[in-house]
> 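I have a structure I would like to understand better, so I am pasting it below and will then ask my questions one at a time.
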Amino acid sequence: MLDISAIEALPLDIQIEKAFNKVLRCASASEQSSLKVQKKLEMQGFCVEAVEAALEKALRLGVIDDARYAECLVRSTLLAGKGLRAVRAEIESLGIDIEGLDSYAEYLEAGEEGDIERAYQFLCMHPTRSKNAYQSCVRKLLNKGYEGDVVHRATKRYLAEKGTQ
């Protein structure tokens, strides 16, 4: 791996090639957004022209696709049992309307009850051992990105079924 000063010393065409190869390595490991890849390349020391050229080629070839990344992000977040609060902000920073995503439409179709069920299942899989079970559950769910009403209702259901307050 080249250090920043070595990369900066390379001619533009070599920088573009190396930057694109870096994009390919990143994208082969996991789905990437153009914004994340751009930041990675800039931190590696590639010049602006090389970063732009590598990203343009990656977007043109479909190696990076922000809409595909957003769909994947929503689905993986929901499958991990997390809420979408932080995901919304990241997707909007990419300039993508979250309302237009198929995975988000499926999430909305499941409604708040689906969110409450996911939050409840998370609490069942990660039981609290705290003296103040309510606060512990609320903290866990808020940290996982669930909205306030969902947190309250899932916690209330969990504590009622476990027979604790």
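Nothing here was measured: the structure is a model prediction, and the numbers come from that model. The residues of the chain are indexed from 1 along the displayed sequence.
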> Please name the pair of heavy atoms, one in K18 and one in L10, separated by the smallest distance, quoted to 0.1 Å.
CD-CD1, 3.8 Å
> Using a strict threshold of under 4.0 Å (side-chain N to carboxylate O), is an ion pair present between E147 and R153?
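Looking at R153 and E147, the cut-off is not met.
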> For the atom pair CD (E49) and CG (D13), what is the distance rounded to the nearest 0.5 Å?
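Those atoms lie 12.5 Å apart.
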> I'd like to check the salt bridge (Lys or Arg N to Asp or Glu O under 4.0 Å) partners of E117; sequence neighbours left out, ordered by chain and number.
R157
> Is it true that a side-chain atom of S28 and a backbone atom of L24 form a donor plus acceptor pair closer than 3.5 Å?
yes
> Among pairs that include at least one residue of residues 55-67, which meet side chain to side chain donor-acceptor pair (under 3.5 Å), considering only residues two or more places apart or in two chains?
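Those involving residues 55-67 are S34-D66, E56-R60.
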> Would you check if the side chain of Q15 reaches a backbone N or O of F46 as a donor-acceptor pair within less than 3.5 Å?
no
> Rounded to the nearest 0.5 Å, what's the gap from CD1 on I14 to CD1 on I7? Could you check?
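If we round to the nearest 0.5 Å, I14:CD1 and I7:CD1 are 12.5 Å apart.
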> Would you give the length of the straight line joining atom CG of L41 to atom SG of C47, rounded to the nearest 0.5 angstrom?
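Answer rounded to 0.5 Å: 10.5 Å.
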> How close do L12 and A50 get, counting heavy atoms only, and between which atoms?
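Minimum heavy-atom contact is CD1-N, 3.9 Å.
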> Rounded to the nearest 0.5 Å, what's the gap from OG1 on T77 to NZ on K144? Could you check?
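It comes to 10.5 Å.
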> Is there a side-chain contact between V150 and L141, using heavy atoms and a 4.5 Å cut-off?
no
> Give the cluster check for V37 versus L61: same hydrophobic cluster or not, with ILVMFWY residues linked at side-chain heavy-atom distances below 4.5 Å.
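Yes; tracing contacts between hydrophobic side chains, which count when under 4.5 Å, links both residues.
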> Minimum heavy-atom separation for L59 and I64, please, with both atom names.
CD2-O, 3.3 Å
> What are the two closest heavy atoms between L123 and Y158, and how far apart are they?
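Closest approach of L123 to Y158, heavy atoms only: O-CE1, 3.5 Å.
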> For the residue pair T128 and S136, confirm or rule out a side-chain donor-acceptor distance under 3.5 Å.
yes
> Indicate, with yes or no, if V74 and I116 share a hydrophobic cluster defined by side-chain heavy-atom contacts under 4.5 Å among Ile, Leu, Val, Met, Phe, Trp and Tyr.
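Each belongs to a different hydrophobic cluster.
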> Do L35 and V23 belong together in a cluster built from hydrophobic side chains that touch within less than 4.5 Å?
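Each belongs to a different hydrophobic cluster.
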> Are the side chain of Q38 and the backbone of L55 linked by a donor-acceptor contact shorter than 3.5 Å?
no
> For M43, does the CE atom sit with more than 12 other heavy atoms under 6.0 Å from it, leaving out its own atoms?
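12 or below, so no.
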> Checking Q32 side chain against A27 main chain: does a donor-acceptor pair fall under 3.5 Å?
no
> Please determine whether residues Y146 and V87 belong to a single hydrophobic cluster, defined as Ile, Leu, Val, Met, Phe, Trp and Tyr linked transitively by side-chain heavy-atom distances below 4.5 Å.
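No, it is not one cluster - the side chains of Y146 and V87 are not joined through contacts under 4.5 Å.
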> How long is the span from the NZ atom in K140 to the CG atom in N143, to the nearest 0.5 Å?
10.5 Å
> For L73 and S76, which heavy atoms make the closest approach, and how far apart are they?
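Distance-wise, the nearest heavy atoms are O-OG, 3.2 Å.
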> With rounding to the nearest 0.5 angstrom, report the OH to CG distance, Y104 to L78.
10.0 Å
> Would you confirm whether R68, through its side chain, and V63, through its main-chain N or O, come within 3.5 Å as a donor-acceptor pair?
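Side chain of R68 to backbone of V63: a pair is present.
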> Could you pull out every donor-acceptor pair under 3.5 Å between side chains of residues 91-98 and any protein atom, sequence neighbours left out?
unit_1	atom_1	unit_2	atom_2	d
S93	OG	E90	O	2.6
D97	OD1	E99	N	3.3

> So do the side chains of Y120 and K156 get within less than 4.5 Å of each other, counting heavy atoms only?
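No, side chains not in contact.
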